[in-house]
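It should be emphasised that the depicted structure is a prediction, and the values quoted were computed from it without experimental measurement. Lettering follows sequence order; numbering is per chain, from 1.
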2 protein chains.
Amino acid sequence: MPISFRMRFLSRNLGGKYNERAGKVKLMRLTMYTDYSLRVLIYLGTKEEDKLTTIQEISDAYNISKNHLMKVTFELGKAGFIETVRGRGGGIRLADRPENINIGTVVRQMEEDFQLVECFSSEHNTCPISPICGLRGVLGKALHAYLSVLDEYNLKDLLFNKEGLRDLLRT
Amino acid sequence: MPISFRMRFLSRNLGGKYNERAGKVKLMRLTMYTDYSLRVLIYLGTKEEDKLTTIQEISDAYNISKNHLMKVTFELGKAGFIETVRGRGGGIRLADRPENINIGTVVRQMEEDFQLVECFSSEHNTCPISPICGLRGVLGKALHAYLSVLDEYNLKDLLFNKEGLRDLLRT
DNA sequence: TTTAAAGATGTATTTTAAATATATCTTTAA
DNA sequence: TTAAAGATATATTTAAAATACATCTTTAAA
């Protein structure tokens, strides 16, 4: 459920050499998609209330593909976290005050699913012991704990140094 | 950080149609690698103490590629969760009693890293606000909560219905 | 003392999701 | 009526994950 950042890490290669980290994998990542979603919200949170910001501006500030951000903002708008104004002079803004935008809610919304392991999906599961296996319950509980922490925070909590953020985001 | 099961889910396709779930992604997955690790431990846990089990047998029981399991068991051995005996008549067995094999420890060991988002990696980070951004802290806390739940369980907890597991795993 | 069964190791290939790019459409203020 | 903005769709690229294949090494049994 975490923002999956595959970036330019060394390839995992399960079949690779057996020295160093071979065989291990990178779990618990959030996608850049979710990361970008949060970055957009943070950016908008540093702006004056109601003021519109263009996607281009955010793209410049973070040096992120505008095309990618278009899709992120589209989803953020559909989910109701931001308002979008089309046409010349348009842009995007937070749909609510930062203290009312919950981080857990954002991550849940930008997520597709929380199928931690194969047996979380009745459709794709092939594990023969799933009917009586305790693993799903344990992982589900862990997932809940993860999201519960995120539920404790809202966007305002991430903006405690709003001036500093503005400085760093100035292009 | 969850066991990443990509399986045969619909492709995410960030650039796909904007109806249904397009744009959303699947986070918090564990890899099949970690899932398989836990399944191997569960299988061994259903066996009599000290009795050796071959990888082939586990491969048959779960219908998992033997080659893949070879790598999983190799890692499990290196990490000290199982003992491996080479040569004819060899096999693998738990290195300790199930109650002493902690699930959180297993997941941490089979993990490569816990870089939830780009800014968790000083090497790959490009986000300009990371020096003062509260996101990393929040996600780190959530990750800790996730692992802490796993830390509360050991392999024995997953074997409460050992007889049922044996039945389902009989090939 | 040779053979076969087991795990160990390395490399190569395939598949999938994620990331990104491109192109066009729609809206709307100037 | 034009240009700037977001909306939408499709296509491409990249990287990780999953898997397959090919030996090698160890060791007990024949």
Nearest-Å distance for atom pair CD/C1', residues B/Glu83 and C/dA6: 16 Å
Under 3.5 Å: donor-acceptor pair, side chain of A/Asp157, backbone of A/Asn154: yes
Touch class at under 4.0 angstrom, heavy-atom based, for A/Gly77 against every strand present: nothing
Interatomic distance where CG belongs to B/Asn63 and C1' belongs to D/dA18 [whole Å]: 15 Å
For the student: nearest non-hydrogen atoms of A/Ile82 and A/Thr73, plus distance: CD1-O, 3.5 Å
Connected-component partners of A/Val85 among ILVMFWY, side-chain separation under 4.5 Å: A/Leu52
Shortest non-hydrogen contact between A/Cys119 and A/Arg136, atoms and distance: O-NH1, 2.8 Å
Rounded distance in Å - CG (A/Leu76) to C1' (D/dA7): 14 Å
Of the listed nucleotides C/dT20, D/dG6, D/dT19, the one nearest the side chain of A/Tyr36: C/dT20
Presence of A/His68 side-chain N/O under 4.0 Å of C/dA19 phosphate oxygens OP1/OP2: no
Test item: B/Thr126 and B/Glu118 side chains (from C-beta on) under 4.5 Å apart, heavy atoms: yes
Sugar-phosphate or base contact per nucleotide [nucleotides 22-30 of chain D; S, B, -; heavy atom under 4.0 Å]: ---BBBBS-
Donor-acceptor contact below 3.5 Å, side chain B/Arg39 vs main chain B/Tyr62: no
Nearest-angstrom distance from the residue atom NZ of A/Lys78 to P of D/dG6: 18 Å
Salt bridge present between B/Lys66 and B/Asp60 (N-O < 4.0 angstrom): no
Polar side-chain atom of B/Thr54 near backbone of B/Gly91 as donor-acceptor pair, under 3.5 Å: no
Secondary-structure string, 5' to 3', Watson-Crick or G-U under 3.5 Å, | for another-strand partners, for DNA chain C: ||||||||||||||||||||||||||||||
Residues in side chain to side chain donor-acceptor pair (under 3.5 Å) contact with A/Arg166, at least two apart in sequence or another chain: A/Glu163
Residues within residues 46-60 of chain B bordering DNA chain D, heavy-atom distance below 4.0 Å: none
For atom CG of B/Leu69 and atom C1' of D/dA20, their distance in whole Å: 14 Å
Among D/dA7, C/dA19, C/dA8, the one nearest A/Met70 by side-chain distance: D/dA7
Test side chain to side chain donor-acceptor pair (under 3.5 Å) applied to B/Tyr153 and A/Lys141, step by step: CA-CA 11 Å; B/Tyr153 295 91; A/Lys141 205 174 160 195; 2.9 Å; yes
Which residues share a side chain to side chain donor-acceptor pair (under 3.5 Å) with B/Thr105, sequence neighbours left out: B/Asn102
N or O in side chain of B/Ser65 less than 4.0 angstrom from D/dA20 OP1/OP2: yes
B/Lys66 NZ - C/dA8 P separation (whole Å): 11 Å
